[in-house]
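Below you'll find the structure, written out as structure tokens, and then a few comments.
Values below: all heavy atoms of this structure, side chains included; hydrogens, waters and symmetry mates excluded. Atoms within each ligand, like the ligands themselves, are counted from 1 in listed order. Index from 1, following the sequence.
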Amino acid sequence: MESSGGVERAGSLFKEFAIEPRCEACLSTDIKHHPKSRLSGSVIYQCRQCGLRGLSTRPLMEDLAEFATTYDRDRYAEWVSITRTGQIDRDHAAVLDRINRLVGPKDDRSLFDVGAGSGGFLSMARDAGFRPAGNDLSNGAVDLARESHDIDLMLGDLADIDDPGQHDVVTLWCVLAHVPDGSTLMRDVLRVLKPGGLMYLQTPRWSAMDTMGMAAQDVARGRATKITDRRLGMHHMVLHTADSIRALLERLGYEIVAVEPHVRYTLTTASYLESLGFNERWRRRLGKPIDGLLDRDLFFRNVLDVYARRPLDS
Ligand SMILES: [Zn+2]
């Protein structure tokens, strides 16, 4: 990541750094800036080559890591309680099944989950015959994973791992968009994979909803940012397209297996609408129909699933 001096932004907890002038995925300099959000102060850039959208300034990883340590067990458990647990389990099972088939049967298969949270996915992977390993930046997650699933996570960043080439599978459930420098993260993932090993990631996708939200913000010159601020901010610093995620991974030396858009909402609809600023009355009015669409897989395809390999001869 190129950094050019810190930028202090009103309302931000962190000192920020500019990531431009190149697209972080395909390295193109053909970049457009959208009007600054008057609500959050953030500026979103768009790569005209690969379609990636991202925050044009971001906090440092060290600062984010330090912030993550303030998430203790109870605060973490509270967050878990507003997620769609049943749906998440079903998504985890479907992805694990696919991973299982791609890796094939062999002795001692190890799966490392980056940002493993409370360890639910690793516990499922262990049941499917994988040796579970993982990390998280939050103490609370490490405590919960031990308590709920008897899984010991490493507390800290992937970059701190000094035994490369150890894992048959590395998974990242919505981690890529949370880090300021995706290239460094995905390079670290490649390093801990065995040659021929499989990487799976889920990341938020630039969807039709975002196109509408961004059009509103462009027309209102930085007002009307409810949707874009919810979708792109400190929590999700980048929204990928199929082209941009391919460009990023191929540039780093991955072999792409599959890139697929899916409908997957982690929060309950009520919590999601609340986060978009809808009041109680609207949450009640909109919650049911949206739940119906989600159940039938008809809502905006908001995420990308990506499967890729470290080449055997690397
Ligand atoms: Zn690009």
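- Sorted by first and then second residue, the salt bridge (Lys or Arg N to Asp or Glu O under 4.0 Å) pairs involving residues 195-210 (not counting sequence neighbours) are Asp210-Arg231.
- Between the side chains of Thr171 and Asp113, at least one donor-acceptor pair of N or O atoms lies under 3.5 Å.
- With no hydrogens or angles considered, no side-chain donor-acceptor pair links Thr241 and Arg246 at under 3.5 Å.
- His236 and His178 have perpendicular rings, their planes meeting at more than 60° on a 0 to 90° scale where under 30° would count as parallel.
- Ring geometry, Tyr45 versus His33: the interplanar angle falls from 30° to 60°, so the pair is classed tilted.
- Side chain to side chain, Tyr307 and Glu255 fail the donor-acceptor criterion of an N or O pair below 3.5 Å.
- For the Zn ion (ligand 1), the count of nearby protein N, O or S atoms, meaning those under 2.8 Å away, is 4.
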